[in-house]
Number of protein chains: 2
Amino acid sequence: MPLFRIATYNVNSIRSRLHIVIPWLERNRPVVLCMQETKVSDDLFPADEFRKIGYHVVFRGGKKGNGVAVAAPETPREVKFGIDDGKEPCEDRLITGIFGGVPVINAYAPQGFKMQAPQFQFKLEWYGRFREILSRRFSPKGRLVVCGDLNVAPEPIDVHNPKRLLGHVDFNPEIWKEFEELKKWGLLDLFRKHHAGEAGRFTFFDYRIPGTVERNIGWRVDHILATKAMAGKSVRCEIDMAPRLAEKASDHTILFADFEI
Amino acid sequence: MPLFRIATYNVNSIRSRLHIVIPWLERNRPVVLCMQETKVSDDLFPADEFRKIGYHVVFRGGKKGNGVAVAAPETPREVKFGIDDGKEPCEDRLITGIFGGVPVINAYAPQGFKMQAPQFQFKLEWYGRFREILSRRFSPKGRLVVCGDLNVAPEPIDVHNPKRLLGHVDFNPEIWKEFEELKKWGLLDLFRKHHAGEAGRFTFFDYRIPGTVERNIGWRVDHILATKAMAGKSVRCEIDMAPRLAEKASDHTILFADFEI
DNA sequence: GATGTTGATG
DNA sequence: CATCAACATC
């Protein structure tokens, strides 16, 4: 039974992170790699670098930061960008499609600036619109994997200092509720399936603060969620610190899950 | 008799050109390297990189582009920046001092935008003020080397297309006159001493035009001039294309002269 | 602090 | 086209 790996990585500029992403793909050969914050418009996306190593890549980005991409060895099917509900589609935040035969969503949730700001309301609304797409395009009874930087640390054990950080846009009751609704729809948090109750396991370490990695000052805001059908096949979900250790500019780590299909 | 090399290089940002400048200094060990367009304010000048390889460096730059620096293995003496005639001193365009025992001037002449513009008048005036400093601080009977990007191609053989370029701020009768006056004061053009009449020997290749190096589409606007006392000791004056070939962003070459002291 | 963007310069 | 400054985002 071949290894079936699905991974997510907030790259913080794909052009500045190619030397990390490409070797990682070559060594790990995942069935899907979801990327966020590619920070490049489509005409400048370095698709050739992925093709050279036998990966297809779909992507959507503009000039406003953000940007998402999904790389896969097989040609993806039914690829859609953004939310088609008549409002601002935010194509640079969402890709859905079938990758390696498995329905996959790559999501980059808005960060939200601060709770008092309109950006935070936009974040909450985005979660609602995201779940609509989920319901409309997929079934909780089918196979689905949701990957991405969801800009939420769901529990106190998911941040280094829950007391001080309460009220942060990624750590407050309102965003927890949105995340809960997502799970209620029919998604399991694969990291927690394999690491229940483990505190201090983080996917993000702010590089503006010195020594965050050494002192384990981080956040678990990148996630791989899956429907029962897929979660039942997952055998492992781990955080790969290598990119974060390689250079601080990569402040997110790679999160991956392995499945037995 | 040790090699006594004096060189000039318009670096187009010293911070972006360190990987060229530092190895060049290590390999060539010049007594003086004059640099122009360092494009860095003094608080950010990478002086440590020069110290590490045993070079002193004096520099002056602001936030307006420009910026000059001189590197030398020995501690320089009598270093002065700019023109102290009561007008705008332009400290980021001129360094005078004694480097390795030899009086040296590093000059970055104003480019002049276009002949009709006030910037061109400023360029002509700058040349006059420059000669005043020359007369006041040095003697044509003594030793002196003047290096720099003087933004003048003195003769038709110093540009690739004299017909079409006539009237350019670096190639016109008015700026030729200023350059002539400089020589009349008592300076010899060392490149022409060793390469009299040779056409198509350039120190600058515009990187906005593709293939300038291959097609030899250039300008000779960087110069090493010397008083009789120093010119008599010069044995060689050459253009080092290596930096220009290494990366197009370095659109000037390194010009150097060797002396037997 | 490490990435973008825009607009200005040569 | 490659730099800079300024600003904006995470």
Side-chain angles (χ1 to χ4, degrees), chain A residues 10-18 20 35-41 44-45 61-67 92-93 108-114 117 119-120 122-123 149-153 168-171 203-213 218-219 221-222 243-244 246-252, chain B residues 10-18 20 36-41 43-45 61-67 92-93 108-114 117 119-120 123 149 151 168-170 204-213 217 219 221-222 243-244 246-252:
Chain A
N10 177 318
V11 292
N12 185 25
S13 169
I14 184 58
R15 285 177 293 180
S16 305
R17 225 58 64 207
L18 272 179
I20 293 198
M35 290 164 276
Q36 304 86 38
E37 284 207 81
T38 52
K39 285 189 176 176
V40 66
S41 48
L44 297 174
F45 192 96
K63 292 187 172 184
K64 323 254 161 277
N66 305 338
D92 56 4
R93 291 191 175 280
Y108 175 46
Q111 196 249 359
F113 187 38
K114 49 185 178 186
Q119 288 95 319
F120 184 65
F122 177 75
K123 179 180 189 173
D149 178 353
L150 300 181
N151 265 308
V152 58
H168 186 279
V169 280
D170 286 4
F171 190 69
T203 66
F204 167 82
F205 301 86
D206 194 336
Y207 56 58
R208 288 170 288 185
I209 304 163
T212 47
V213 175
W219 303 66
V221 292
D222 301 280
R244 182 60 179 83
E247 61 188 21
K248 59 180 173 183
S250 164
D251 51 5
H252 289 257
Chain B
N10 178 318
V11 292
N12 185 25
S13 169
I14 184 59
R15 284 176 295 179
S16 306
R17 226 57 65 206
L18 271 180
I20 294 197
Q36 304 86 39
E37 283 208 82
T38 52
K39 284 190 176 177
V40 66
S41 48
D43 50 329
L44 297 173
F45 192 97
K63 291 188 174 184
K64 323 255 161 275
N66 306 336
D92 55 4
R93 290 192 174 279
Y108 176 45
Q111 196 248 357
F113 186 39
K114 48 186 179 186
Q119 287 95 319
F120 184 66
K123 180 181 188 172
D149 178 353
N151 266 306
H168 186 281
V169 281
D170 287 3
F204 168 81
F205 302 86
D206 193 337
Y207 56 59
R208 287 170 292 184
I209 304 165
T212 46
V213 175
I217 307 276
W219 304 64
V221 292
D222 301 280
R244 182 59 179 84
E247 61 187 25
K248 59 181 173 181
S250 164
D251 50 6
H252 289 258

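Naming: A, B, ... by sequence-line order, numbering from 1 per chain.
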Here's a test of your reading of the structure: between V40(A) and K248(A), which maps to the more 5' nucleotide of DNA chain C? K248(A)
From NZ of K63(B) over to P of dA8(C), roughly how many Å is that when rounded to an integer? 19 Å
Whole angstroms only, please: what is the CZ-P distance between R15(B) and dT3(D)? 11 Å
Sequence neighbours excluded, which residues qualify as salt bridge (charged side-chain N to carboxylate O under 4.0 Å, His left out) partners of R93(B)? none
Counting only N and O atoms by type, is there a donor-acceptor contact under 3.5 Å from the side chain of R244(B) to the main-chain atoms of V213(B)? no
Measure from CE on M35(A) to C1' on dT3(C) and round the result to the nearest Å. 17 Å
For dA2(D), does OP1 or OP2 lie under 4.0 Å from any side-chain N or O of S13(B)? no
Provide, to the nearest angstrom, the distance between the CD1 atom belonging to I20(B) and the C1' atom belonging to dA2(D). 13 Å
For A109(A), is there any backbone N or O sitting under 3.5 Å from a side-chain donor or acceptor partner on N151(A)? yes
Is there a donor-acceptor pair under 3.5 Å between the side chain of R15(B) and the backbone N or O of V40(B)? no
Using modelled atom types and a 3.5 Å cut-off, is there a donor and acceptor pairing between side-chain atoms of K123(B) and backbone atoms of V169(B)? yes
To the nearest Å, how far apart are R17(A) CZ and dA2(C) P? 10 Å
Euclidean distance, atom CZ of residue F205(B) to atom P of dA2(D) [Å, nearest integer]: 17 Å
Residue pair N10(B) / E37(B), side-chain donor-acceptor N/O under 3.5 Å: yes
Protein-nucleotide distance (W219(B), atom CH2; dG10(C), atom P), rounded to Å: 14 Å
Every protein N/O within reach of nucleotides 8-10 of chain D N/O, cut-off under 3.5 Å:
unit_1, atom_1, unit_2, atom_2, d
dC10(D), N3, R208(A), NH1, 3.2
dC10(D), N4, R208(A), NH1, 3.4

Using the test salt bridge (charged side-chain N to carboxylate O under 4.0 Å, His left out), find all partners of D251(B) that sit at least two apart in sequence or belong to another chain. none
S16(A) or D206(A): which one's nearest nucleotide on DNA chain C is closer to the 5' end? D206(A)
Grab the CZ-P distance between F120(B) and dG10(C) for me, whole Å please. 15 Å
